[in-house]
Each structure stands twice: as structure tokens, then as C-alpha cells.
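So the structure is just underneath, and the comments pick up after that.
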Amino acid sequence: MSRQTGTPWWQKAVFYHIYPQSFLDTNGDGIGDLEGIRRKLSYLKELGVDAIWLSPVYMSPLKDEGYDVAGYTTIHPRYGTMEDFRKLLSEAHALGLRLIMDLVLNHTSDMHPWFTEARSSADHPRHDWYLWHAGRNGKKPNNWLTNFGRSAWKKEEATGKYYYHSFFPEQPDLNWRNPQVKKAMFNIVRHWLGMGVDGFRLDVANMLFKHADYPDNPVWALVSDRNVYNRNQPETYEVLRDLRSLVDHYPGRITIGEVYVSPPGNSALAASFLGNGEDMLHLAFDFTLLFTRWSAFAFRNVIRRYYKALPAGGWPCFVLSNHDLGRAVNHYLFPLSKEKKARLLATLLLTLRGTPFIYYGDEIGMENRHIPRSRIRDRYGRMLYPLYKGRDKARTPMQWEPSRHAGFSPATPWLPVHPNYRSCNVATQRQQADSVWNHYHSLLRLRRTLPALQTGEIEMKRPGNGYLMYTRRDATSRYDILLNFTPFRRKVTEYRKEENRVILHSTHPSRTGQPVQYPFYLLPYEGVIIGTGFIES
Ligand code: GLC
């Protein structure tokens, strides 16, 4: 596959996040598989994305849908075989699509042979690969909690010791202070890079180290869920730096960190894992956009804060949905149709300066689905029902067609399909000029043809009149992006001079291609990209 010089490919690329069990089932077991993804590569190419990130497809007892890995270099049979994976990778590359894997470094499954050995005896050489503690005064070692508010320590009867698990008890945390752990994990990284994968999304990248003395977290930290001693420890940065050096031996490969910031909003923390922009992660997710109010002011504030937090040379990335946090169109409590929200959000995501990540199905405006209690699969949902119904709502099958099970599978899917599939599906929306799918499709096409939208500078304007405005520019061109978050027509006050401007793209397709008339009004909930011609130099 050809390697670009100049701007790295991942800064220009649009990523597409696939939740493999929900993409396409080709063997009739109700669960998506690698062959299903392979068959849809041409679809992804046509949609116009450049890279795919696969949530885990490794061997796993599936206590956390694959984020509990029992074999880092084996494919879970429900997804297919290693041969299927190789085929997928080579066909993706042949089409010019990159593929990145999900890498879970913080913990393994309790069924991983490492843990089986580690727990067998305190004298076993592997024992120290995990985090053990004898407890304090006959009690748990400290007050650290899992991300769902229960003690993160579990006592092993065999050894009488507690082990630490940031997530489910079936996901024991590794001891990254043990050099053998690092060596083993780095070998796994080499294995996949050697096979040709284009990089990794690093699961909970900021949690690898815990304070060596295991002090209690302050009570205020427990209440506000700001973990002090069990995340973001200085040694994490060291390991990520070493990982970067390793990955840099393989040209064009990348690391994207899921920086688990809870509660969200701490852009500076997420950005800190980019190091000096070249020595740590290539990209780090910042989830603040998902927790923003539906207003131009609110979006502008979080976007500006994020840009400011980035180190010089650090490259931004944006995400609106994922398999944990729900669908983009459901985040914002604002009385507006999901479809209109989907369009405006797409224009935002694909025009900001930074690498965009599209979650499968967002290109047709898929929504969170209510999952009846009997069908909840996410164990957090089962544990905490009805307080919390789990993460399944945004993991439902991809909606391909208006037919049975939305064309996802001939069998009953592992999670129920959203009932809106008759209109909200790829086949139907491709036929409709004004659909969310065509909106994404045309935006992606435009983005490809206008380098300033990919790598140009960004300047955020003050949101005067209820709309968000920013400019993207490079040496030769300038584009204005205006997003009206209100139900009212909005006069664009910035356009004082009557210049030659054209609406290159609008959420309201009949306006696309029209010259800008003065005074210029944005329609309710309209998002536009305005071409302002060439800049005189
Ligand atoms: C990440 C994953 C999530 C998983 C957790 C533990 O946050 O996105 O799905 O449960 O890590 O691996």
C-alpha cells in the first residue's frame, strides 16, 4: 500500500468504528463476523471513509463483549478464523482502506492463561504479572472502585490475597511495573504490526498504572468519580512513550488512546497523552462533545478548550458516538428530530480541524434502542437495572435494508434491531437524495476534494446570533462553516461585504450549489459550508 509523504495519512483520514458483532452476520448465528465486514468493504469505500477501527475480535469468554481478552493473537471463532482476518486485512488494503485493532493493555480476561497461572500460587513466576494485595487489617486494601462504583478488589480463596480489577472481576488488571508484562504486550504489538495492521486503538490507555503504595482515594474523589491514585500515574506516560518508539519502527502505523476521563470535560488530561505531539499517542479521544448542550455557545466553548489544551504539534480528533456512550443523536436533550440532529452533527464532525471518527450506523442516523430487560446483554445493565440499563442501546445491529432483521442476519440477532429500520436503513436512504446517508456521503466527498477541510487551520468566530461559525483555510482557499442550532432563521452578521460566495454544501440539499444572497440567512437547523473563493496573497 502506498505511503504518503508530507501530512501523515491519519490526519487527513476519516475513521469508521465497527462493532464487529453488530455489523453483518454471514454464517447465520445472529452475530456479526469478519466475513461480514469483508463483504462490506466496498460499501465503506463508497461511503468515503479511509480507515476502520475494529472493536476486539480476539479469543475471549465475552464477559465484557471481548474487552476481556483470553488470547491476544487468536481470533474468536464466532468472528471467523485468522485466515478470515488476513483476507479482510489484505482486501481492505487493496481498496486503500487502513485497519486498526483494539488493544486492551490494562487487563486480561481471568481466563487468560497468564491469569490462570498467576492465581495458581503466590510463588508462581507469573503471579506478579497481576496486582495482588494481602489486604489491610483483614479488610480490602483500599477504597478504590470499579468504574461502576463497586470495590475493585476481589479476594482469591486459593492465595488469600486480593487482586485488582478496574472493570469486572473477570478482568484482572496487569502489573505494568513488571518488565515481563511490558515485554509480552510489546511482542503482541509487534505480532500485529508485522502482519500489517495499521495501528491500535488503545483501550483505557491512561489506566495502566496505579499508585505503587495503594493509598485510599480521597472521599471527594470517590463521590465525584475523579480517581486520583488508580489512573493517570506518571509511569503511564513512560510506557506510552516506549510504545510510540516501537510503533514508529513500522512506518505509517498509529496509536489512538481511549483516555478514560470520568467525568468528561478534562480536555487537558486527554491531550497530555499526546506528549509533545510526536513522542506519545498519535491521537487521544476527547469525549467532551458528547456531553455538550445543544447550543452554539456550548459547542464553541468545548471545542476551543480542547484546541487550547493540545500540545504544539498535537493533532485533534473528534468522536460523537461509540459502543459505551451511546448514539450521537441521543446525547442532546433538545426537542428536534433525530434526523435533523444527525445532519447538523455530521457537518460539525466532518468540518472541524481534527480526525473524525464515525461510529457504524451514524451515517444513517441510527438511534439508541430501548432494550427489554430480558434481552439485555451488557452485564452492567443486568447488574444495575433499572438504575442503569447498560450499553447495549448503541450496539444494536447495523440497519442495511428494510427487510427482516434489517438485512443484518437471517437469524434472530444477538441484540434486537431498532424498530425504525424500515426507513432508517442504508438501502432506503441511498435512494433518497435528502437522506442522512446522502448527507454523509456528499460531505465525505467534499472533504476529500478540499484539502483545507482536512488539514487547514481553523478559526472559531464568536457565536453572535445562535449559530456557530468557523473558518478553515490553507494557503489558497478559505471555507466558512456555519451551523444554526436554533429553530429560527438567522441572519449571518459576519457577511457585511457582498462577496462572491457559494453554498458548497448544506444540510438542506436544495440550497447546495446556490450562490449566497445578501443579506444571508441560515435556515432553522441549517449547517452550511461556504466557499469564499481564492485568497489574494
Ligand atoms: C473501554 C471499552 C469498554 C470496556 C472497557 C474495559 O472503556 O470501550 O467497552 O468495557 O474499556 O475494557
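Order of listing sets the numbers, starting from 1, for every ligand and every atom in it. All values below were derived from every heavy atom in this structure, side-chain atoms included, with hydrogens, water molecules and symmetry-related copies excluded.
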- Establish, yes or no, whether the cationic atom of Arg98 lies under 6.0 Å from the six-membered ring centre of Trp9 and within 45° of the ring axis. yes

- Can you pull out the closest protein heavy atom to atom 1 (C) of ligand 1? Residue, atom name and distance to 0.1 Å, please. Asp203 OD1, 2.7 Å

- Flag this pair as yes if the NZ/CZ of Arg327 is under 6.0 angstrom from the six-membered ring centre of Tyr360 and inside a 45 degree cone about the axis; otherwise no. yes

- Item | Charged tip of Arg353 within 45° of Tyr307 ring normal and under 6.0 Å | no

- Item | Nearest neighbour in protein (non-hydrogen) for atom 5 (C) of ligand 1 | Phe167 CE2, 3.8 Å

- Message: Between Thr236 and Asn206, is there a side-chain donor-acceptor contact under 3.5 Å, judged purely by atom types and distance?
- Response: no

- Item | Lys/Arg N to Asp/Glu carboxylate O, Asp279 vs Arg241, below 4.0 Å | yes

- Query: Is there any salt bridge (Lys or Arg N to Asp or Glu O under 4.0 Å) pair reaching into residues 149-163, and which pairs are they, with sequence neighbours excluded?
  - Reply: Arg119-Glu156

- For Arg391, the ligand 1 atoms whose distance to one of its heavy atoms is below 4.0 Å: 3 (C), 4 (C), 9 (O), 10 (O)

- Give a yes/no on ligand 1: does Arg201 have at least one heavy atom closer than 4.0 angstrom to it? yes

- Item | Closest protein heavy atom to atom 4 (C) of ligand 1, given as residue, atom name and distance to 0.1 Å | Asp64 OD2, 3.3 Å

- Item | Set of residues satisfying ring pair (Phe, Tyr, Trp, His ring centres under 6.0 Å) with respect to Phe357, sequence neighbours excluded | Phe15, Phe285

- Region of His165 that comes within reach of ligand 1 [heavy atoms, distance under 4.0 Å]: neither

- Which atoms from ligand 1 have a heavy atom of His107 less than 4.0 Å away? 6 (C), 12 (O)

- Message: Tell me the protein heavy atom at minimum distance from atom 9 (O) of ligand 1, and give that distance in Å.
- Response: Asp324 OD1, 2.7 Å

- At what distance is the nearest protein heavy atom to atom 7 (O) of ligand 1, and which residue and atom is it? Glu258 OE2, 2.8 Å

